[in-house]
Amino acid sequence: MDYKLKDTLSKDAFRYGYLINKIFPFIKPHMGRIILNMILAVPLGLLDSVVAFALKPYMDCVINGKPWHLLGFTIEQSLLATVIPFGIILFAIVQGLLKYTNNYLTDWTGNKISNALKIELFRKLTSLDPKFYDINSSGLVLTRFFTDPETASKNIINMIKSFIMTSFGIVGLVGVLLYNSWKLAIIGVGIMAIAITPVTLIRKRIKKVSNATMVVGGDMTTNFNETFAGNKIMTAYNLQKLQNEKFEHQIKEQFNLTISLTKRVGWMSPIMYFICSIGIALVMFYGNHLIISGQMTAGSFASFVTSLLLLYKPVKDLGRTLTDLQTTFVALGRVFELFDLVPNIKNNENAIKMNGLKSAIDFEHVYFEYEENTPVLKDFSLHVNKDETIALVGNSGGGKSTIVNLIPRFYDIQRGSIKFDGIDIKNIEIESLRNNISFVFQDNFLFSGTIKENILMGKETATEEEIQAVIKLAHLDEFLSTLENGIDTYVGERGASLSGGQRQRVAIARAMIKNAPIVILDEATSALDNESEAIVQKALDNLMKNKTVFVIAHRLSTINNADRIAVINEGELVEIGTHEQLMNIPDGNYKHLYEMQFKNQEVTV
């Protein structure tokens, strides 16, 4: 499965039936309110035609004193003169109530659909494996998974409502035109049809610019995220000018795209004005003839011209609605492409649950590559007994982190197998596999929330006794006693308010409370000073007791705690044994590595 989000292109943007069918499950729970909303849109659309229609009896009857005949009834001047003013007030009240109800229902259903779509997309996002996050920028992911659903789902009900309202507005006004004079109606409606033709010519341009705008929007979000997360690097290397220039370039690019669309859409309005003005001129020219020849009353003509002028607004609105609707469908197309993403890492049929580790973990002739034809591990084999601690050492980029990332199936191998107690991990339920593994990374991520909440992520059902036990074992008790709110202290995004050593101890407590039989330590002390390392190392010692441990070692103190040391070079296991055994290999990889990297630490200690 290709996880790369490619420039937000949407191949389904014009497949309206397909997109409606895909969004329908999110619309269906709210169909009652949506149908009521669409029904209300009909009279709202017809309201303008009521105003135009009323001008005929007002001009002919109230102004000129002629009786008005309607459906076989004759209505006198005095009655109409009284009814029309009160009718205007009643009309305004009804119109206001309808508009309020219609707008409320539109916002309610739009937000409900948008929220449901966002929830499902977030579930999709959390189901994807690490490779997806490796190859896509945070800005692009945020735009595709958060902004697009907002554009797609929140506006679709409003667009459909506007389309219905506008369409019925046009139908009602055309009906008034035909009622007053079918001859003039042919001229007016014909010219109006010509005026709206340009709308159909810009659909593809809208799609192209909308996609390009989303790409730039994703780049801008990425820039913001990188500036925030990398603020110290930016300051240390004086990169402010570079970041500013990058953002200014993105702003200019977004501006150019917006103006490009404005230039192509903007010319429609003056052209429509010009074409419509020709229609009105022809109507007035021919209408004068009809009035003079007695074929049409002044009231009918006033009603007709008013209808024609009012018709321009819904026709223009229809053009804008169709443009906005196309933008919505482009966003919908992008959204449902995300639903087509399928996790590469998934349970095999008849996968079994894992209940602890009973004997050993085996890597058997493992081959792995992140990118095709770029091998990271080559014919890698390793046998690790239960409750054994294996230190992985080697040059940077040799494959140490890859090895520990394969154990919980963050990635799947290309060839070979990884077995727990003789069972291939691909035949173990992913959730139960990961439930049996605890992790402590070099830069442990803490979620925004309290220290307690972060610890409980290891085991939500932990008792207060268990929490207090891991606090002591992780050497957090002394640190927590200095905080006003203790374990309930809010640590902020990424745990930024804590020092590196404090974050590590919280992460160790989180791993401890999980009490998994397998522990993975990925350079857990390499970024700490000597004092912090000493405290963290004590906490790690407690975590590692009676566990099967894989530890990526950059420090001598970590290696000293290992039962065996595996030396990894260019994706291959080149040596394995105890410190003494490996040091006795003449010109050995470990011996060379020790003298270059670890011996100085021993002298320092």
Side-chain angles (χ1 to χ4, degrees), residues 1-13 15 18-30 109-159 207-230 247 250 253-254 257 324-346 410-411 430 445 447-449 457 493-494:
M1 179 71 193
D2 186 7
Y3 275 158
K4 183 66 178 173
L5 300 177
K6 297 183 180 72
D7 294 335
T8 65
L9 293 174
S10 175
K11 64 182 184 298
D12 299 318
R15 295 176 62 195
Y18 165 80
L19 293 174
I20 290 294
N21 186 54
K22 295 287 279 185
I23 193 69
F24 185 73
F26 298 93
I27 293 175
K28 188 177 178 181
H30 315 296
T109 52
N111 277 287
K112 280 288 186 180
I113 294 167
S114 177
N115 291 342
L117 197 58
K118 286 176 187 174
I119 289 168
E120 285 304 309
L121 276 176
F122 197 79
R123 285 176 181 158
K124 170 64 71 173
L125 183 64
T126 56
S127 74
L128 298 173
D129 30 279
K131 185 178 178 182
F132 174 81
Y133 298 93
D134 293 341
I135 63 177
N136 291 295
S137 71
S138 59
L140 183 57
V141 170
L142 184 61
T143 301
R144 293 292 300 273
F145 279 83
F146 195 77
T147 306
D148 268 352
E150 186 85 7
T151 303
S153 55
K154 201 170 180 181
N155 290 336
I156 191 166
I157 298 301
N158 189 44
M159 293 296 102
K207 177 187 174 184
K208 184 178 178 182
V209 174
S210 179
N211 278 323
T213 302
M214 293 306 298
V215 173
V216 177
D219 291 342
M220 290 171 68
T221 307
T222 298
N223 198 4
F224 264 105
N225 290 345
E226 289 179 346
T227 300
F228 183 85
F247 188 71
Q250 291 163 348
E253 194 174 352
Q254 189 181 57
L257 287 168
D324 292 342
L325 199 56
Q326 182 58 63
T327 301
T328 298
F329 277 117
V330 167
L332 268 179
R334 284 194 294 260
V335 164
F336 287 109
E337 282 177 355
L338 299 178
F339 279 110
D340 293 335
L341 293 172
V342 178
N344 290 332
I345 312 296
K346 49 193 173 187
F410 289 165
Y411 306 89
I430 295 171
F445 187 96
F447 290 85
S448 56
M457 286 174 184
E493 189 176 357
R494 298 182 66 89

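Keep in mind that the numbers below use all heavy atoms, side chains included, and drop hydrogens, waters and symmetry copies. Computed from a predicted model, the values in this text were never measured in an experiment. One is the number of the first residue; the rest follow in order along the sequence.
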Rounded distance [0.5 Å steps], CG in Leu117 versus CZ in Phe145: 11.0 Å
With a 3.5 Å cut-off and sequence neighbours excluded, list the donor-acceptor pairs that the side chains of residues 118-126 form with protein atoms.
from: Lys118; atom 1: NZ; to: Glu150; atom 2: OE1; distance (Å): 2.4
from: Glu120; atom 1: OE2; to: Arg123; atom 2: NH1; distance (Å): 2.6
from: Lys124; atom 1: NZ; to: Phe339; atom 2: O; distance (Å): 3.4
from: Lys124; atom 1: NZ; to: Leu341; atom 2: O; distance (Å): 2.5
from: Thr126; atom 1: OG1; to: Phe122; atom 2: O; distance (Å): 3.2
from: Thr126; atom 1: OG1; to: Arg123; atom 2: O; distance (Å): 3.0

Anything under 30° is parallel, anything over 60° is perpendicular, the rest tilted; go ahead and classify Phe336 against Phe26. tilted
Heavy-atom pair of closest approach, residues Ser114 and Pro149: OG-O, 4.1 Å
Kindly compute the distance separating NZ (Lys131) from CG (Asn136), expressed to the nearest 0.5 Å. 11.0 Å
Quick check for you: to the nearest 0.5 Å, what is the distance between Leu19 atom CG and Leu332 atom CG? 5.5 Å
Stepwise side-chain contact (heavy atoms from CB on, under 4.5 Å) check, His30 with Ile113: CA-CA 8 Å; His30 315 296; Ile113 294 167; 4.0 Å; yes
Which distance, rounded to the nearest 0.5 Å, do you find between the CD1 of Ile345 and the CZ of Phe132? 14.5 Å
To the nearest 0.5 Å, atom CG of Asp129 lies from atom OH of Tyr411 at 8.5 Å
